[in-house]
Asker: 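Questions regarding the structure given below will be posed in turn.
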Amino acid sequence: MRLDDERLSDNVEDRRGSDGGGFSSGRLGIGGVVLALVASYFFGIDPSAVLGLLSNGTQPSPRSVQSHKPPANDEMATFVSKVLADTEDTWTGVFSEAGKEYKVPKLVLFTGSTPTACGTGATAMGPFYCSLDQKVYIDLAFYRDLKERFHAPGEFAEAYVIAHEVGHHVQKLLGTSDKVHAAQQRAGSKAKANSLSVRLELQADCYAGIWGNRANTMRHIIEPGEIEQALTAATAIGDDRLQKQARGYAVPETFTHGTSEQRVRWFKRGIESGDPKQCNTFKTQEL
């Protein structure tokens, strides 16, 4: 990616090297955290949602933890900061076009575990967005997994991961995620609630594509062939593929993020159109 001349975001919190606080989070015990990790790592379930359910709807207050700006000589942190800054510029413009104001999220770098408003965040969850504190959390060790476990290397694949989580922040600001979570409470079955989660996740994939389109149009940041990196990443983390890897077969009614084919389709829809109106996954019969 061509990011050499791009600015750094002022919204990165570096908690690496600080006490992550272990696995305490309100009344949530180690068993609950382990369940959240298993659900996230193997089945693609949003860990913050699992933590919230296990906490009986209570919102844990994250303990105070030290944070600082990433070191200037940390190449990966610099990359993440530049990608975040680019999403800030892109979505500020998109919101402005619609007569709205974009409130930028924070991005937290951590190692091992860290307190969040959604419960204890941990490395095994992979990157995630907590809507209660409007922060994206990532342990940079995930990028090693992305390359080695998911066979999806490359800078644009790494940027896609951040852009997807920022897509969830966009949904929070637009009120979409709150409406979906309320509808899930009324769904009446786990399968119906999961289907709503799939639509939310696919929309975030589409929003990641919107960022890629707008950023490249304005700032020419994508190198030839790099879009395929994001498509590879989207394919690698489809529910069907992850479940088959974990247990040898897939159970569609338990999908929460969408199949590999669906994730690729909606990311491509965003990056090819650059139009957020094309990302309405809630008004289409076929995903």
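The residues of the chain are indexed from 1 along the displayed sequence. Only heavy atoms go into these numbers, but all of them, side chains included; no hydrogens, no water, no symmetry mates.
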Asker: Taking atom CD of E253 as the centre, does the number of heavy atoms from other residues, nucleotides or ligands within less than 6.0 Å exceed 12?
Answerer: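 Enclosed.
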
Asker: Is D178 salt-bridged to K172, cutoff N-O under 4.0 Å?
Answerer: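 A salt bridge is present here (some side-chain N lies under 4.0 Å from a carboxylate O).
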
Asker: Could you tell me the separation between the CH2 atom of W266 and the OH atom of Y207, rounded to the nearest 0.5 Å?
Answerer: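 Spacing of CH2 (W266) from OH (Y207) equals 10.5 Å.
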
Asker: Pairing donors with acceptors under 3.5 angstrom, does anything connect the side chains of T90 and R214?
Answerer: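 Distance-only check fails for T90 and R214.
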
Asker: Does a donor on one side chain and an acceptor on the other come within less than 3.5 Å for H257 and Q262?
Answerer: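 Distance-only check fails for H257 and Q262.
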
Asker: With rounding to the nearest 0.5 angstrom, report the NE2 to CG distance, H151 to D145.
Answerer: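 Going from NE2 on H151 over to CG on D145, the span is 11.0 Å.
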
Asker: Is a side-chain N or O of S96 found less than 3.5 angstrom from the main chain of T92, in a donor-acceptor match?
Answerer: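 Checked: no pair found.
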
Asker: Within 45 degrees of the ring normal and closer than 6.0 Å to the centroid, is that where the cationic atom of R247 sits relative to Y249?
Answerer: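 Yes.
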
Asker: Using only atom types and a distance under 3.5 Å, with no angle test, would you say the side chain of S260 pairs donor to acceptor with the backbone of T235?
Answerer: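 At least one qualifying donor-acceptor pair exists.
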
Asker: Got a sec: does the CD of E101 have more than 12 other heavy atoms crowding it under 6.0 Å?
Answerer: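 12 or below, so no.
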
Asker: Can you confirm whether more than 12 heavy atoms, excluding those of E261, are under 6.0 Å from its CD atom?
Answerer: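 Not more than 12 within 6.0 Å, no.
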
Asker: Under the 3.5 angstrom rule, does the side chain of R2 hit a backbone N or O of I222 as a donor-acceptor pair?
Answerer: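 Looks like yes, one N/O pair under 3.5 Å.
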
Asker: Look at the side chain of R269 and the backbone N and O of C279, then say whether any donor-acceptor pair between them is shorter than 3.5 Å.
Answerer: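 It does not hold such a pair.
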
Asker: Ignoring hydrogens and angles, state whether a donor on the side chain of R199 or Q203 is under 3.5 Å from an acceptor on the partner side chain.
Answerer: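 The answer is no; no qualifying pair exists.
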
Asker: Under a 4.5 Å side-chain heavy-atom rule over Ile, Leu, Val, Met, Phe, Trp and Tyr, are W91 and Y160 clustered together?
Answerer: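 Yes, it is one cluster - the side chains of W91 and Y160 are joined through contacts under 4.5 Å.
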
Asker: Are L200 and V161 connected into the same hydrophobic cluster when the rule is that any two of I, L, V, M, F, W, Y join if their side-chain heavy atoms are below 4.5 Å apart?
Answerer: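 Per the 4.5 Å side-chain linkage, V161 and L200 are not co-clustered.
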
